[in-house]
Amino acid sequence: MSHHILEIDRLRHVYPDGTEALREVSIRIVHGESVAVIGANGAGKSTLLAHLNGHLLPTSGTVRVGHLPVGRDTLAEIRRTVGMVFHDPDDQLFMPTVYEDVAFGPMNLGLSGEDLERCVKDALRQVDALHLAGKPPYHLSAGEKRRVAIATVLSMSPDILVMDEPGNGLDPYARRQLINLLKDFKHSKIVTSHDLDLVLDLCERTVVLSGGEVRADGPTREIFQDEALLKECRLEKPLSMQGCPICGP
Amino acid sequence: MASISAALLDLKRLDQLASGTTFLHRLDARAKVLATLVFIVCVVSFDRYQISPLIPFLIFPAFLIAVGELPTRYLLGKVALVAPFAIAVGICNPYFDRQLLLQLGALRVTGGWLSFASIVLRTGLTVGAVFTLTALTGFPAICRALQRLGMPRPFALQLMFLYRYLFVLAEEGGRAAKARELRCFGRKGSGLKSYASLLGHLLLRTWQRAERMHMSMLARGFSGTFPEQVKARLRFADVAFLSIWVFLCIALRLSNVTHSVGALFTGLLP
């Protein structure tokens with residue numbers, strides 16, 4: 001079975017303080033799909049993402065990546081397969097230089113010498129950041145940081161890319177650059193975002209979470225046209241679908 | 001908090017200087033670290049009343065600044081920042097130590113003034129050398145060099161993380177302090193109490209960030225130890241640089257060049 005398939009089956013998660021963050025969540029994502037997980041603050045998006053590479057383990061239910069269930073004994077393989085790009089790039093870029101940061105994952109996987117160098121350079125080239133290799137991460141702009149954070153994950157050749165708010169804090173140019181970059185990736189992608197226009201551009205399928213439950217799962221455009229559903233889940237139509245406020249729809 | 005932001009920008013400049021391409025920048029960090037250590041040990045090992053033998057040691061930072069094409073004024077500014085500490089340490093010496101050591105006409109120089117000058121000069125030399133080393137090498141490279149020279153690995157990693165997140169923490173702290181200030185309207189606010197709470201929040205935020213960082217490290221296969229990088233060997237230029245400076249520092253320590261030069265000139269005079 002391909003590693004690119006992700007199956008979440010009746011996933012439930014209860015935090016130690018008793019908060020039930022996810023209730024019976026079931027999603028199946030197949031090879032090459034680009035799926036957005038959207039929802040209001042506190043809907044359970046981050047908790048869901050944390051289950052995809054084993055940072056959190058289910059209270060009940062299962063998460064499977066390909067043929068592997070996510071569990072303590074499969075963490076190493078799961079984490080190579082599912083690349084996680086964090087919400088804040090400063091959490092992800094902790095090494096003294098961009099090069100070392102991108103090399104961190106492959107080195108942990110045992111790469112060295114020319115193989116390592118090729119892998120790091122390929123990843124940086126993919127995000128158009130090869131020229132930043134020698135720079136310390138705190139000298140980068142927000143857009144550069146985001147691209148480098150993606151490279152740190154790409155260098156491990158993941159099958160599935162998981163991104164938490166990838167467009168957050170980017171200026172319009174950097175945001176567009178990121179969207180174009182992500183469109184070109186052939187990986188299965190799971191994206192959480194409050195930027196619904198970015199979702200519209202990037203993901204053909206959308207899952208709406210509300211109160212820890214899946215409220216809707218379907219083609220992005222259809223979901224964004226369901227105004228009642230969006231309102232109920234404390235969401236709004238993306239601006240590009242709202243029509244012009246002066247000339248009307 | 002503006003001063004913190006300015007200090008951060010200054011640190012970033014130090015980093016940018018380290019990305020230079022001169023002969024000194026390209027030397028192995030270990031050679032530069034060891035040479036600086038020997039320099040510092042030699043400088044601080046002088047007797048407290050000695051000043052003249054310290055002066056030739058200026059050649060070390062001067063050489064590094066000139067050949068490394070570093071901005072002299074900027075580095076002098078950095079040293080000046082530390083000067084008040086040295087002055088605070090030595091300022092009582094003239095008061096306690098009134099033993100007359102030198103009389104130049106009406107000018108009476110006591111032991112206290114000499115030791116005070118010696119402290120300030122030694123601080124200038126050692127701090128200047130360390131800033132110059134950082135500007136030529138970069139803080140992370142110095143940490144790695146120290147680790148390869150025997151410093152415990154966890155300590156080196158702590159230092160590197162400290163340096164990396166210093167920028168993030170200071171920016172967060174700066175924002176929080178600015179937010180506090182904007183709602184104080186020029187008054188004290190709740191004074192120290194509000195700062196205590198602000199610091200508490202910063203600590204908690206740092207804690208949360210550390211957890212997220214650890215998550216991101218685990219997500220990239222971290223298993224408790226940092227993978228070793230390929231270790232570069234010392235080249236001829238590194239060994240030559242180190243040997244020359246170690247030899248020169250020890251020679252300057254063992255012989256008072258200033259005194260010899262002075263004696264030479266006074267000997268020539270009729």
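Heavy-atom basis, side chains included; hydrogens, waters and symmetry copies ignored. Every value quoted in this text rests on a predicted model; they were computed, and no experiment measured them. Throughout, protein chains are lettered first and strands after them, A, B, ... in sequence-line order, and every chain is numbered starting at 1.
- The number of heavy-atom neighbours closer than 6.0 Å to CD1 of B/I59, taken from other residues, nucleotides and ligands shown, is 12 or below.
- Annotation: side chain of B/P140 is not in contact with side chain of A/E100 (no heavy-atom distance under 4.5 Å).
- Annotation: side chain of A/Q92 is in contact with side chain of B/R220 (closest heavy-atom distance under 4.5 Å).
- The CE atom of B/M217 sits 12.0 Å away from atom CZ of A/R79, with the distance rounded to the nearest 0.5 Å.
- Contact tally against chain B (heavy-atom pairs below 4.5 Å) for A/I78, A/D88, A/L109, A/V85: the top residue is A/D88.
- Rounding to the nearest 0.5 Å places NE2 of A/H139 at 5.0 Å from CD of B/Q16.
- Contact annotation for B/Y165: only side-chain heavy atoms (C-beta onward) come within less than 4.5 Å of a heavy atom of chain A.
- The contact between B/F222 and chain A is made by backbone and side chain atoms together, counting heavy-atom distances below 4.5 Å.
- Around atom CD of B/Q158, no more than 12 heavy atoms belonging to other residues, nucleotides or ligands sit under 6.0 Å away.
- Residue contact with chain B, scored on non-hydrogen atoms closer than 4.5 Å, involves the backbone and the side chain of A/T152 alike.
- Proximity to chain A (any heavy atom under 4.5 Å) is shown, for B/M215, by both the backbone and the side chain.
- Counting non-hydrogen atoms of neighbouring residues, nucleotides and ligands closer than 6.0 angstrom, the CZ atom of B/F23 exceeds 12 such neighbours.
- More than 12 heavy atoms of other residues, nucleotides or ligands lie within 6.0 Å of CZ in B/F63, so this atom counts as buried by the packing criterion.
- For the atom pair CZ (A/F86) and CE (B/M213), the distance works out to 11.0 Å, reported to the nearest 0.5 Å.
- In summary, of the residues considered (B/V168, B/L166, B/D15), a side chain to side chain contact (heavy atoms under 4.5 Å, CB included) with A/Y138 occurs for B/D15 alone.
- Side-chain contact between B/R209 and A/D90 is present, with heavy atoms from C-beta onward closer than 4.5 Å.
- Between B/H214 atom NE2 and A/H55 atom NE2 the span is 9.5 Å, to the nearest 0.5 Å.
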